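Just so we're clear, the structure is a prediction, and the values are computed from it rather than from any experiment. As the structure lists them, so they are numbered: ligands from 1, and atoms in each ligand from 1.
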Amino acid sequence: MSMQTSIALGKQYLLDTYAQVPVVFAGGEGMYLIDEEGKKYLDFVGGIAVNALGYHDAGLSAAIAEVVEKGLLHCSNLYYNTQAIAAAKGLCTLAGMDRVFFCNSGAEANEAALKLARKFGHKSNPARTDIISMVHSFHGRTYGAITATGQDKYHVNFDPLPQGFSYAKFNNLESVKALVNEKTCAIIVEPIQGEGGIVPATVEFLQGLRELCDQKDILLIYDEVQCGMGRSGKPFAYQVYGVKPDILTTAKALAGGIPAGAMLTCEKANEIFKPGDHASTFGGNALAMAGVNEMVRRLNDPEFTDAVQQMGSYLREKLVQLAALYPTLCGEVRGMGLINGMVLTVSPRKVVDACFERGLLVASAGYDVLRFVPPLIVRQQDIDKALAIVEQALASLL
Ligand SMILES: Cc1ncc(COP(=O)(O)O)c(C=O)c1O
């Protein structure tokens with residue numbers, strides 16, 4: 001079947017929810033995705049910050065094969081399974097948190113956090129139901145998560161939305177303080193805003209939120225769905241800032257490409273949920289947990305996270321140089337570790353398409369940012385090659 005025929009079938013049968021690039025991928029190797037016709041693409045999207053180990057990783061393949069070999073993919077949370085217990089211990093230790101609830105996606109991890117926050121509020125006062133999130137945040141597509149998402153475009157046509165959410169300005173503590181009242185039970189924030197345009201929080205902002213939450217007995221929730229699992233150059237971005245949350249959510253790279261999400265808790269958030277309060281059929285599924293165990297094993301190696309820091313610095317340095325060469329097209333470069341963005345004066349889609357034609361996958365973030373979230377195994381020569389293509393793409397737009 002030709003790739004055009006495959007695409008036509010995809011258009012016929014898949015619900016039309018994505019503006020998809022006309023390519024069908026069938027395989028992958030290292031930093032490259034391979035389409036149905038055998039063309040290779042250097043991948044700086046990584047499944048949008050999911051494929052931390054790239055493609056065809058030997059360790060991940062072996063972990064999956066072991067689970068398949070033993071015959072247990074799934075056994076329901078009516079019972080424990082070996083993989084989930086190991087993943088729970090490993091992930092909590094890596095994250096410096098106490099307990100974890102496993103689910104299947106970032107949105108679900110955030111739903112769990114929002115529900116837990118409301119139950120926490122209810123314990124002291126049934127009117128303590130309100131949650132503050134940030135403008136330009138992104139927390140997922142389920143109802144609680146889109147409502148927490150501080151971007152109107154995700155709300156239009158889907159009302160009525162759940163009540164009790166308000167939006168403060170990111171990196172502006174005064175704007176958060178202005179919204180806090182006796183009804184506030186939680187504040188949710190991405191330590192590095194992803195979909196909103198790759199904007200790292202300032203350390204002062206997170207410290208200020210921590211103090212505010214401690215003073216008012218409010219839960220501080222970090223959404224590390226995109227910036228967690230090694231992407232910042234530490235296992236979790238909060239470890240770069242040194243400001244700990246009460247709840248941390250993560251997903252995307254959590255199982256190296258197998259769907260998985262997690263909500264981690266510590267101290268006052270540990271004892272809120274009781275049996276029956278929350279559940280997920282697939283949460284803690286043995287196959288997904290094998291992926292989590294392999295990711296945890298890799299992130300426990302400081303060489304792995306050090307390389308993320310080094311490659312991240314190299315990428316940012318090269319992006320700054322590139323932006324200086326094309327000042328009419330490029331603006332600020334920002335990010336941390338291997339989550340980086342370059343502001344553009346033209347539509348990012350134009351650069352994304354021009355890179356695609358030249359065999360490089362990059363994505364946009366927000367309305368004016370070109371996003372770079374490559375697999376965490378990226379090497380210097382991959383960065384050189386990718387930026388040479390971005391340069392050609394920019395030159396073609398002059
Ligand atoms: C910070 C953040 N939170 C939540 C989500 C939602 O994750 P999922 O698509 O797995 O539901 C995303 C997805 O991009 C995200 O970047």
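For residues 249-270, the set of pairs meeting the side-chain hydrogen bond (donor to acceptor under 3.5 Å, both in side chains) definition, not counting sequence neighbours, comprises Asp98-Asn270, Asn110-Thr249, Asp217-Lys268, Thr265-Asn270.
Salt-bridge check for Glu66 with Lys70: passed, with a basic side-chain N closer than 4.0 Å to an acidic carboxylate O.
A donor-acceptor pair shorter than 3.5 Å cannot be found between the side chains of Asp382 and Tyr32. Checking Tyr143 against Glu111 by side-chain atom types alone, no donor-acceptor pair falls below 3.5 Å. Of the N and O atoms on the side chains of Ser166 and Asp130, not one donor lies less than 3.5 Å from an acceptor on the other residue.
In terms of N/O distances under 3.5 Å, ligand 1 is not approached by Gly140. Polar contact with ligand 1: absent for Glu108 (N/O pair, distance under 3.5 Å). For ligand 1, the polar-atom distance check against Lys252 finds a nitrogen or oxygen pair separated by under 3.5 Å. Considering both main-chain and side-chain atoms, Ala251 never comes within under 3.5 Å of ligand 1 through any nitrogen or oxygen pair.
When the options Glu195, Glu190, Arg231 are evaluated for a side-chain hydrogen bond (donor to acceptor under 3.5 Å, both in side chains) with Gln226, the one that passes is Glu195.
Annotation for ligand 1: atoms under 4.0 Å from non-hydrogen atoms of Asp223 are 1 (C), 2 (C), 3 (N), 4 (C).
Of the protein's heavy atoms, none falls inside 4.0 Å of atom 9 (O) of ligand 1.
Counting protein heavy atoms only, atom 16 (O) of ligand 1 is closest to Gln226 NE2, 2.8 Å. Closest protein heavy atom to atom 7 (O) of ligand 1: Gly106 CA, 3.4 Å.
When non-hydrogen atoms are compared, ligand 1 lies under 4.0 Å from the backbone of His139 (N, CA, C, O) but not from its side chain. Of the heavy atoms in Arg141, none comes closer than 4.0 Å to ligand 1. Under 4.0 angstrom from ligand 1, there are no non-hydrogen atoms of Thr249.
Taking CG of Leu264 as the start and CG of Asp246 as the end, the distance is 12.5 Å to the nearest 0.5 Å.
Here the two rings, on Tyr222 and Phe236, have centers that are 6.0 Å apart or farther.
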